[in-house]
Number of protein chains: 2
Amino acid sequence: MATISKENYLKTIFNYKTNSGVNATTAKVAQDLSVSNAAISEMAKKLSDEGLISYKKYKGMELTTNGEKIALKVIRRHRLWELFLVKALGIGWNEVHSEAERLEHHTSEFLIDKIDEYLGFPDFDPHGHPIPKKNGTIPKTPKVILLSEAEKNNVYEFVRVDDRDSELINYLIRIEFLLNTELTVVDKLSFDNSVTISFNKKSLSMSKELTKSIYVKAVKN
Amino acid sequence: MATISKENYLKTIFNYKTNSGVNATTAKVAQDLSVSNAAISEMAKKLSDEGLISYKKYKGMELTTNGEKIALKVIRRHRLWELFLVKALGIGWNEVHSEAERLEHHTSEFLIDKIDEYLGFPDFDPHGHPIPKKNGTIPKTPKVILLSEAEKNNVYEFVRVDDRDSELINYLIRIEFLLNTELTVVDKLSFDNSVTISFNKKSLSMSKELTKSIYVKAVKN
DNA sequence: TTATAAATTTAAGTATACTTAACTTAATTA
DNA sequence: TAATTAAGTTAAGTATACTTAAATTTATAA
Ligand SMILES: [Mn+2]
Ligand SMILES: [Mn+2]
Ligand SMILES: [Mn+2]
Ligand SMILES: [Mn+2]
């Protein structure tokens, strides 16, 4: 049975692989879930016994088909809730992640499908992450890079942002740098790795840290 | 701290007192929550230690001011969710109770206030139960009686129904007997305690069991 | 009033999901 | 290669919320 904890472990293992390209290790999952390494080892054994991950001691873990199915359902619920809270209740896109983090575990398939329908079966959540479909497929995502890797004088579109830092997104709201905004990389400073961009006729310098949370896609001219 | 279990205990103790007029006993709470009497005894001790109920062994339990505050918050969340699911997503009033039963424990004050605002600060949920206000007050409710106690030839309004039996409400939907419907008691049969009512130009016989789930208020002519 | 029945509490044990501390394995580096 | 460090696992223990079975208290009725 997939308890709340197990759902979170599976989701985390899935996201880790998606974001990094490599299998999740004990330490990484522990860090993500803010629990001890020991807790991961114990749970890894259980998830493995239940056929939800394949796990060899000391060698990291990987979702099985069944594990991935559950992970995708949790992520689907999470992202649909986020978009729903924004669209139906006008809640800020910086505030919905933490709500969704809890609601994702307490939503029947019946209810999430109603929400999906209400939203017109959307492909992306408010932070630009793809919403897994009811059938388990994932909408095609554009090829993105971090703003920190963007090249000077090139034009990009802001298409995704890490959704866990409410303060960060709150800053984006304040400077009116919203998803789907077009931007040009005006300058890159080597001594602090800050990036100066222009968008909506404004110019703005972004710190190294900030540019590592912002994903953009190249715009062909 | 109020865990999910504790929230449910407090809510149940509150509702029991509201519905019956007398303090909850171990057995009644156990029945309502579908757990053993032993579980109630244990939890009663903890809730008492935390100052949420006053409890004397073998003598039943009663909410303290603090306990009632928490109970009202849980009930507020429950009933606002129910109405929201009906109004915003068009979910049937027979299907929202079980969803709310889980969501009520995973909703921040921020979110529930947004939902409250969306709904225009409503006084009653889809089953006619009052929705506790943010400040802890409860909207004034009409004086209601069970349909089983209604008198022949009198006119009533259907104002409340027990919300836990989805099948029962589903039947009401099928016969188009909705909340706020005006009805006349046409007949009461003594041999089976069934009640025949007329509403919307239709006539219908209701079993003893059904009339004990339906609350009406007298309509003055 | 005393026996019996009903209600309730206590005791002992289970499952889940954590913790810290100790130990083991793997990777790094001198 | 051997020592050191990092990563991961195991062991022991905690908290919550249940269970069943035994013991106790209270209520009821002969
Ligand atoms: Mn999110
Ligand atoms: Mn979660
Ligand atoms: Mn309800
Ligand atoms: Mn509940």
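Chain letters run A, B, ... following the sequence lines, proteins first and then strands; every chain starts at 1. Since the model is a prediction, treat every value here as computed from it, not as a measurement.
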Could you list the residues that satisfy side chain to side chain contact (heavy atoms under 4.5 Å, CB included) with A:Val86, not counting sequence neighbours?
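A:Trp93, A:Val96, A:Pro126.
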Any chance you could lay out the salt bridge (charged side-chain N to carboxylate O under 4.0 Å, His left out) test for A:Lys134 and A:Glu109, step after step, and finish with the verdict?
CA-CA 9 Å; A:Lys134 189 175 169 59; A:Glu109 189 148 357; 3.0 Å; yes
Strand-adjacent residues in residues 32-60 of chain B, judged by heavy atoms under 4.0 Å from DNA chain C
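Residues of residues 32-60 of chain B that come under 4.0 Å of DNA chain C are, in numerical order, B:Asn37, B:Ala38, B:Ser41, B:Glu42, B:Lys45, B:Tyr55, B:Lys57, B:Tyr58.
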Go through DNA chain D in 5' to 3' direction and return only the first and the last nucleotide with some atom under 4.0 Å of chain B's heavy atoms.
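First and last nucleotides in contact are D:dA17 to D:dA27.
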What pairs with [X] under salt bridge (charged side-chain N to carboxylate O under 4.0 Å, His left out), at least two apart in sequence or on another chain?
X       : value
A:Lys87 : none
A:Lys73 : none
B:Arg77 : B:Glu7

Check this for me, if you would: do A:Lys11 and A:Asp32 make a salt bridge, where the nitrogen-to-carboxylate-oxygen distance has to be below 4.0 angstrom?
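Judged by the 4.0 Å cut-off on N to carboxylate O distance, A:Lys11 and A:Asp32 do not form a salt bridge.
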For the pair B:Phe84 and B:Trp81, name the ring-plane relationship: parallel under 30°, tilted 30 to 60°, perpendicular over 60°.
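Perpendicular.
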